[in-house]
Amino acid sequence: MPDPIEPPAPPSRAALAAVLAQAAEPECALLADRPVSSEFTQTTQLVNLANGWNLWIWWKPVDQLDRLWAATAPDGSRWEYGCDRWPDWDAGPDAVVLEPLEHLLTDEQRERLRQRLLTCSCWPEPDPLPEPPSMAEIDKRFPLEVMAS
């Protein structure tokens, strides 16, 4: 049985590459938390895949993918930006922070993913909260004389 205090190891590079490539395909069921808009200077999009993966993706202005910020696998393991080096930890000064969108996907896969996320369906907006009652309305409903007794 795994140690309940020790978190699972991050997903492998191969698993990240596979899920990112899969998310780019039209048959992959997914929903985003919000649409990407050119109104934002930079934004983050949470993408929930039906297979249980969650991807947090940063976008640059003008609808350009920036980087994968984090990914959570169905087993709860989590990859976060900065947790791995490219090409590997032993490359010394030549090693850079692994960025899966850049290092693990081809240009074609990256463009397919970008197009897919720009047009994907999003979770519905939550219903707006009702306006809270004014203090006058609260005083009418709960007069101080009643509350004092």
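Residue numbers start at 1 and run along the sequence shown.
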State the CG-CD distance between L105 and E99, to the nearest 0.5 angstrom. 8.5 Å
V96 with W58, same ILVMFWY side-chain cluster at under 4.5 Å: yes
Of all heavy-atom pairs linking P11 and S77, the shortest is CG-OG, 3.6 Å
Spell out, yes or no, whether L113 and L31 are grouped together once hydrophobic residues are joined by side-chain heavy atoms under 4.5 Å, including indirect joins. no
Salt bridge or not for R116 and E25, using N-O below 4.0 Å? no
Evaluation steps, side chain to side chain contact (heavy atoms under 4.5 Å, CB included), between I138 and R141: CA-CA 5 Å; I138 292 173; R141 286 192 218 164; 5.8 Å; no
Close side-chain approach of L30 to W53, heavy-atom, < 4.5 Å: no
Kindly give the heavy-atom pair with the smallest separation between D88 and A91, and that separation in Å. OD1-N, 3.0 Å
Non-hydrogen side-chain atoms of R110 and R114 separated by less than 4.5 Å: no
Between the main-chain N or O of L46 and the side-chain N or O of D33, is there a donor-acceptor pair closer than 3.5 Å? yes
Side-chain contact test, heavy atoms from C-beta onward, threshold under 4.5 Å: evaluate it for Q22 versus V19 and give yes or no. yes
Note: V36 and Q45 closest approach over all heavy atoms is CG2-NE2, 3.6 Å
Of all the heavy-atom pairs spanning R34 and T44, show the shortest one and how long it is. NE-O, 3.6 Å
Kindly indicate whether the side chain of Q109, heavy atoms from C-beta on, has any atom under 4.5 Å from the side chain of L20. no
Between L65 and W59, is there a side-chain heavy-atom distance shorter than 4.5 Å? yes
Distance in Å, R112 CZ paired with T106 OG1, rounded so as to fall on 0.5 Å steps: 6.5 Å
Does atom CD of E131 have more than 12 heavy-atom neighbours, drawn from other residues, nucleotides or ligands, at distances under 6.0 Å? no
Side chains of E80 and W56 in contact at under 4.5 Å (non-hydrogen atoms): no
Smallest heavy-atom separation, L68 atom then L101 atom, equals N-CD1, 3.6 Å
E137 side-chain N/O to S134 backbone N/O, donor-acceptor pair under 3.5 Å: yes
Looking only at heavy atoms, which two atoms of C120 and L117 are closest? And how far apart? SG-O, 3.5 Å
Side-chain heavy atoms under 4.5 angstrom apart, residues restricted to Ile, Leu, Val, Met, Phe, Trp, Tyr: same cluster for W123 and L55? no
Heavy-atom side-chain proximity of W79 to D84 below 4.5 angstrom: yes
